[in-house]
Amino acid sequence: MSLSRRRVLSCLAGLAVGPFVSPNCSAAGDFSTLRLVNSFGVGAGNDMLMRLVARHLSRLAPEIRITVENEPRGEGQIALKRLFDGPDEKEAIVLLNNAIFYPDFWGNQPLPFSWSDLAIAGNITSLPHVLVMTGKSGIGSIDELIHSKDSFVVPTASTRAIHYYDSLFLNAALGTRLRPIPGYSGGSRILAAVSGEAQAIIGNPRSLAEVLQMPGSKIVLRLNSVPLSPEYGAIPTLADIATTEQASKIALFINNVSQVANLLAVSPKTSTAEMAAIRQIFRTVLDDREFIAEAQKMGLSLDQMPFQDTANRVKAMLSEIDADKAVLSSAVVCGLTRAEGGDTCP
């Protein structure tokens, strides 16, 4: 069934502001145009996801003009900043890179916006987040990795990327010697693991399928609690093997951040009625049978959590980050020391 702009605005705006308020199209704004801003590079898995959503959104809401843009600079910070001070922020919806939750641990990398103003419409997918060791690493289990004295290269896009920080956090939590090397963007991360330049890689099994098909490659650790396909066997989570308070806090942080892998953020100026309309537009896509069928063919696990619950979860996560910032910051320093060959942490 087609979802027209008129139907969204007239039916939802009044419901959003209260059951006793008459529907008012102007209350929800005019979504004749929606700009979907992707904070990932062209060709990345998240980029393909956003374009899949855009294609089905155009089918379901033909009266709305949909455009897709890519703004990967700053690991999502520049794309997100446009929601706060861009000239057309009210019609922009940003697919966030959850790496934006990481650089705040460094005091010299202040964010160009306030977390308290972050407006989350919802989340599209919830994906497993795993550590894979290649056959060339010689590592077949997380226990072997913990007890190994060897260093293992992890390809990462930059020193702000989520895979960079995750490697350091694992070093601090488990005493491993993962060495994140920046400069591998998009598909080059996969090529590094396939070619043998890297012996470890972090991501979701769908995006790492080519690596997992290599002889000896194996998922040795789950970094979040999202269920894995039974074909991978019983793989422990980081929370399962955390033995210290710091390791437990690291495990909780990574679990929370990695589960909101495809957040949709909107302008902090978005009204309650506008937010309700935007959420209904995207919920219609996520509940559409054709979209679901195509997403399943791509191996995507759609997030069924209600959008408001997702927003509440992000708010709680940000509060936890603020409370544990000192612990997490010291873990990053420790992780770097381990990555560079040190045996003890500052």
Side-chain angles (χ1 to χ4, degrees), residues 1-3 8 12 31 34 36-40 43-62 64 66 68 70 76 79 93-101 118-130 162 202-209 212 219 222-232 235 237 254-266 275-317:
M1 178 172 61
S2 176
L3 172 70
V8 170
L12 296 176
F31 291 111
L34 284 179
L36 308 184
V37 183
N38 194 340
S39 59
F40 300 87
N46 308 75
D47 176 56
M48 290 187 286
L49 170 64
M50 186 62 124
R51 293 178 187 277
L52 175 67
V53 170
R55 179 156 49 80
H56 285 275
L57 179 53
S58 295
R59 172 176 61 83
L60 294 165
I64 304 177
I66 309 295
V68 180
N70 294 81
I93 299 173
V94 173
L95 182 68
L96 288 184
N97 183 332
N98 50 2
I100 64 167
F101 297 116
L118 188 63
I120 298 297
N123 193 44
I124 301 178
T125 62
S126 187
L127 300 172
H129 196 52
V130 300
I162 191 169
I202 295 171
N204 69 76
R206 178 178 62 85
S207 65
L208 302 181
L212 287 168
I219 296 175
R222 296 162 54 202
L223 276 63
N224 66 20
S225 58
V226 178
L228 274 179
S229 172
E231 67 185 275
Y232 297 115
I235 309 295
T237 68
I254 293 178
N255 178 68
N256 289 343
V257 173
S258 62
Q259 287 198 54
V260 287
N262 288 292
L263 284 171
L264 297 169
V266 298
M275 180 67 88
I278 290 170
R279 285 175 171 171
Q280 182 60 32
I281 289 171
F282 280 91
R283 177 51 62 193
T284 300
V285 176
L286 296 184
D287 290 342
D288 178 70
R289 290 183 179 181
E290 287 188 35
F291 172 79
I292 292 172
E294 191 164 355
Q296 288 176 339
K297 287 182 180 179
M298 294 175 62
L300 297 174
S301 176
L302 301 178
D303 194 343
Q304 298 302 317
M305 179 176 288
F307 284 166
Q308 184 56 53
D309 289 356
T310 294
N312 294 340
R313 177 200 231 171
V314 173
K315 184 177 181 180
M317 181 182 73

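FYI, side chains are in, hydrogens and waters are out, and symmetry mates aren't considered; it's all heavy atoms of this structure.
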Exercise for the section: Might you point out which heavy atoms bring Gln308 and Arg279 nearest each other, and give the distance in Å? Expected result: OE1-NH1, 2.7 Å
Problem - Asn204 side-chain N/O to His129 backbone N/O, donor-acceptor pair under 3.5 Å - result: no
Completion exercise
Rounding to 0.5 Å, atoms CD1 (Ile281) and CD1 (Ile66) come to a distance of 7.5 Å
Practice task
Look only at the side chain of Asn123 and the backbone of Leu263, and say whether a donor-acceptor pair between them is shorter than 3.5 Å.
Solution key: yes
Fill in the blank from the handout: Nearest heavy-atom approach of Arg222 to Ile235 is CD-O, 3.1 Å
Problem - Residue list, ring pair (Phe, Tyr, Trp, His ring centres under 6.0 Å) with Phe307, at least two apart or on another chain - result: none
Completion exercise
Residues passing the side chain to side chain contact (heavy atoms under 4.5 Å, CB included) test with Asn38, sequence neighbours excluded, are Phe40, Asp47, Met50, Asn70, Leu95
Problem - Backbone of Leu127 reached by a side-chain donor or acceptor of Asn224 within 3.5 Å - result: yes
Fill in the blank from the handout: Residues Ala54 and Leu36: closest non-hydrogen pair is CB-CD1, 3.7 Å
Completion exercise
By side-chain hydrogen bond (donor to acceptor under 3.5 Å, both in side chains), Asp309 pairs with (sequence neighbours left out) none
Problem - Note, Leu57 side chain near Phe291 side chain (heavy atom, < 4.5 Å) - result: no
Practice task
Could you tell me the separation between the CG atom of Leu286 and the CD1 atom of Ile292, rounded to the nearest 0.5 Å?
Solution key: 8.0 Å
Problem - Interatomic spacing from CD1 in Ile202 to CD1 in Ile162 - rounded to 0.5 Å - result: 9.0 Å
Problem - Closest non-hydrogen atom pair, Met298 against Met48 - result: CE-CB, 4.4 Å
Exercise for the section: Could you tell me which non-hydrogen atom of Leu208 sits nearest to which non-hydrogen atom of Gly203, and how far apart they are? Expected result: CD1-N, 3.6 Å
Problem - CD1 on Ile93 to CZ on Phe282, rounded to 0.5 Å - result: 4.0 Å
Fill in the blank from the handout: What one should report as the nearest heavy-atom pair of Met275 and Ala121 is SD-CA, 3.7 Å
Problem - Inter-residue atom distance Asn255.CG - Leu223.CG, 0.5 Å rounding - result: 9.0 Å
Exercise for the section: Find the distance between OG1 (Thr310) and CG (Asn262) and round it off to the nearest 0.5 Å. Expected result: 11.5 Å
